[in-house]
Amino acid sequence: MEFAAEISRLIVQESADGVIAVDEQGIVRLCNPAAAVLFGRPARELLGAPFGFPIVTGRSTEVELMLPGGGNRVVEIRTVTTALHGEPLHVVALRDVTRRRHIERGAERFQRLLQPELPDLAPLDAAAVYRPAAVGVGYLSGDWYDAIPLPDGAVGAVIGDVAGHDLHAAAAMAQIRNMLRALLFDRRAAPSAVLAALDRTLQAITRHPVTTACVARIEPCDSGWKLNWSSAGHPPPLLLTASGATEYLHIEPGVPLGVDLEQTRFDDTRLLPAGATLIFFTDGLVEHHHHPIDAGLTALADLATAHADLPLDDFVQTLADQHPSEGQDDITILALRMPAQPCCGSAP
């Protein structure tokens, strides 16, 4: 027993992570050298002093340590509760994650810079939101959205997802988005033809990861507004009417970009009611490893109905805040709301 106790003491003393033991009154009773370094104080100042942070057993949390000489550290803490001589004792492991958090925050800022600012699409209203994964799966993402006015009076809308969570995925996303924007703007073609042209171009001039995308044209017509869309393996858009009714606009999804140039791509057309909202999203909004995808889609439709009366910016933020997914993938949403009054006239 003495040998085991000595080994345990040596492990604690030599650990690169900080270790602090806190009693039931929140007083520090043990502090290893690594913990003293993290706090920027000698161990003698920590021993007998209040720990100062909530004790949360069984899961990791992050705290910010203010250093005596200025500056701070972000520290991940994990607590287990044991007993010593019959008295409860909380053993807290501390790890410095400052550099990791700095990298992640910088990557998130870079990712947001890659996303476009939505232009004025009047008379349509538009809003978008991007949220990084709540559970770190990588610093960068291949999610993107886009919406642009087209020369013929239509509005082009795109959502896509490049496989991966790294710099390569983010770079490929930016390249693909810009190519798609140019193709969509330059030609008055069906979305399926735009996707096919993009796939051919990508395979001819560059190597890129597998990518899903949904491309749409929203056009004025005699009876209001008309949607023409095509999918490259992407989740279907959700149509929300002004009365709160919902419908997923399913279409033959086709294969993702970068898979097979010979596969046929399909289009579909749908008249859009006045005041209706189109919701394009990536799978991070609805996917949950413990539930079928249909459960996530149903939950999203219910969520959209419950908040149908919100202004569009608040609406997309609410969908992102209350997402039915498990939060292990990035979330991207693009929403377009039709005018409350039907459009008169057709596209030139």
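Hydrophobic clustering (side-chain heavy atoms under 4.5 Å, transitive across Ile, Leu, Val, Met, Phe, Trp, Tyr) groups F185 together with L183. I331 and V316 fall within the same hydrophobic cluster, defined by Ile, Leu, Val, Met, Phe, Trp and Tyr side-chain heavy atoms under 4.5 Å apart, directly or through other members. Under the 4.5 Å side-chain heavy-atom criterion for Ile, Leu, Val, Met, Phe, Trp and Tyr, L30 and V92 are members of distinct hydrophobic clusters. Residues I333 and I148 fall into different hydrophobic clusters, defined by Ile, Leu, Val, Met, Phe, Trp and Tyr side chains chained together at heavy-atom separations under 4.5 Å. Cluster membership for Y130 and L319, using ILVMFWY side-chain heavy atoms within less than 4.5 angstrom, is not shared.
Applying the ring-ring contact (aromatic ring centres under 6.0 Å, His included) test to every pair with at least one member in residues 280-319, sequence neighbours left out, gives these pairs: H288-H290, H288-H291.
In this structure, the separation between OG1 on T318 and CG on L310 is 5.0 Å, given to the nearest 0.5 Å. The structure places CG of L300 at 9.5 Å from OG1 of T305, a figure rounded to the nearest 0.5 Å. The line from CG of D120 to CG of D125 is 9.5 Å long, rounded to the nearest 0.5 Å. Here the straight-line distance linking atom CD of Q322 with atom CG of D302 works out to 12.0 Å at 0.5 Å rounding. For the atom pair L249 CG and L239 CG, the distance stands at 5.0 Å (nearest 0.5 Å). The distance from the CG atom of D283 to the CD1 atom of I293 is 7.0 Å, given to the nearest 0.5 Å.
When the side-chain hydrogen bond (donor to acceptor under 3.5 Å, both in side chains) test is applied to T246, no partner is found at least two apart in sequence or on another chain. Contacts of D186 classified as salt bridge (charged side-chain N to carboxylate O under 4.0 Å, His left out), with partners at least two apart in sequence or in another chain: none. Take R337 and apply the salt bridge (charged side-chain N to carboxylate O under 4.0 Å, His left out) test, not counting sequence neighbours, and it matches no residue. Annotation: side-chain hydrogen bond (donor to acceptor under 3.5 Å, both in side chains) contacts of D314 (sequence neighbours excluded): none. Under the rule for a side-chain hydrogen bond (donor to acceptor under 3.5 Å, both in side chains), the partners of D146 that lie at least two apart in sequence or sit in another chain are R181. Residues satisfying the salt bridge (charged side-chain N to carboxylate O under 4.0 Å, His left out) test with E247, not counting sequence neighbours, are R270. In this structure R200 satisfies the salt bridge (charged side-chain N to carboxylate O under 4.0 Å, His left out) test with no other residue, sequence neighbours excluded. Scanning for side-chain hydrogen bond (donor to acceptor under 3.5 Å, both in side chains) contacts around E24 gives H90, with sequence neighbours left out.
The pair E219-K226 meets the salt-bridge criterion, with a side-chain N (NZ, NE, NH1 or NH2) lying under 4.0 Å from an Asp/Glu carboxylate O.
Nearest heavy atoms, D313 versus A127: OD1-CB, 3.1 Å. Here the closest non-hydrogen pair linking P209 and A163 is CB-O, 3.7 Å. When all heavy atoms are compared, the tightest approach of L38 to R73 is O-NH1, 2.7 Å. When all heavy atoms of P324 and L285 are compared, the closest pair comes out as CD-O, 3.2 Å. When every heavy atom of V210 is checked against every heavy atom of P256, the shortest pair comes out as CG1-CB, 3.6 Å. Closest approach of L334 to V158, counting heavy atoms only: CD2-O, 3.7 Å.
In this structure, L67 shares a hydrophobic cluster with no other residue, the cluster being traced through Ile, Leu, Val, Met, Phe, Trp and Tyr side chains under 4.5 angstrom apart. V56 belongs to no multi-residue hydrophobic cluster, having no ILVMFWY side-chain contact under 4.5 Å with any other such residue.
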**OP:** Please report the C-alpha distance between V74 and N72 in whole Å, then the side-chain angles of each, then the deciding distance to 0.1 Å, and finally whether the side chain to side chain contact (heavy atoms under 4.5 Å, CB included) criterion is met.
**Re:** CA-CA 7 Å; V74 181; N72 55 22; 5.6 Å; no
**OP:** For Q203 and L257, run side chain to side chain contact (heavy atoms under 4.5 Å, CB included): C-alpha distance rounded to whole Å, both residues' side-chain angles, the deciding distance at 0.1 Å, then the answer.
**Re:** CA-CA 9 Å; Q203 295 208 33; L257 302 170; over 6 Å; no
Subject >> side chain to side chain contact (heavy atoms under 4.5 Å, CB included) between V215 and W229, worked out >> reply: CA-CA 6 Å; V215 176; W229 81 103; over 6 Å; no
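Using modelled atom types, one side-chain atom of Y248 and one backbone atom of L297 make a donor-acceptor pair closer than 3.5 Å. Here the side chain of N32 pairs a donor or acceptor atom with the backbone of D17 at under 3.5 angstrom.
Taking 4.5 Å as the limit, every side-chain heavy atom of V22 sits out of range of all side-chain heavy atoms of I27. Counting heavy atoms from C-beta on, the side chains of V194 and S230 never come closer than 4.5 Å. The shortest side-chain heavy-atom distance between L118 and Y145 falls under the 4.5 Å cut-off. Taking 4.5 Å as the limit, every side-chain heavy atom of M338 sits out of range of all side-chain heavy atoms of P273. Looking only at side-chain heavy atoms (C-beta outward), R78 and R95 stay at 4.5 Å or farther from each other. Using a 4.5 Å heavy-atom threshold, the side chains of P149 and P119 count as touching. Side chains of P339 and L124 form a contact here, defined as non-hydrogen atoms less than 4.5 Å apart. The closest side-chain heavy-atom distance from W225 to P123 is below 4.5 Å.
T282 and D161 share no donor-acceptor pair across their side chains, judged by distance under 3.5 Å alone.
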Distance-only donor-acceptor pairs under 3.5 Å for side chains of residues 260-269, two or more places apart:
{"unit_1": "D260", "atom_1": "OD1", "unit_2": "E262", "atom_2": "N", "d": "2.9"}
{"unit_1": "D260", "atom_1": "OD2", "unit_2": "Q263", "atom_2": "NE2", "d": "3.4"}
{"unit_1": "R265", "atom_1": "NH1", "unit_2": "V255", "atom_2": "O", "d": "2.8"}
{"unit_1": "R265", "atom_1": "NH2", "unit_2": "D199", "atom_2": "OD2", "d": "3.2"}
{"unit_1": "R265", "atom_1": "NH2", "unit_2": "V255", "atom_2": "O", "d": "3.1"}
{"unit_1": "D267", "atom_1": "OD1", "unit_2": "S192", "atom_2": "N", "d": "2.9"}
{"unit_1": "D267", "atom_1": "OD1", "unit_2": "S192", "atom_2": "OG", "d": "3.4"}
{"unit_1": "D267", "atom_1": "OD2", "unit_2": "S192", "atom_2": "OG", "d": "2.1"}
{"unit_1": "T269", "atom_1": "OG1", "unit_2": "N228", "atom_2": "ND2", "d": "3.3"}

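When each of L180, T332, I159 is paired with W144, the side chain to side chain contact (heavy atoms under 4.5 Å, CB included) condition holds for L180 and for no other.
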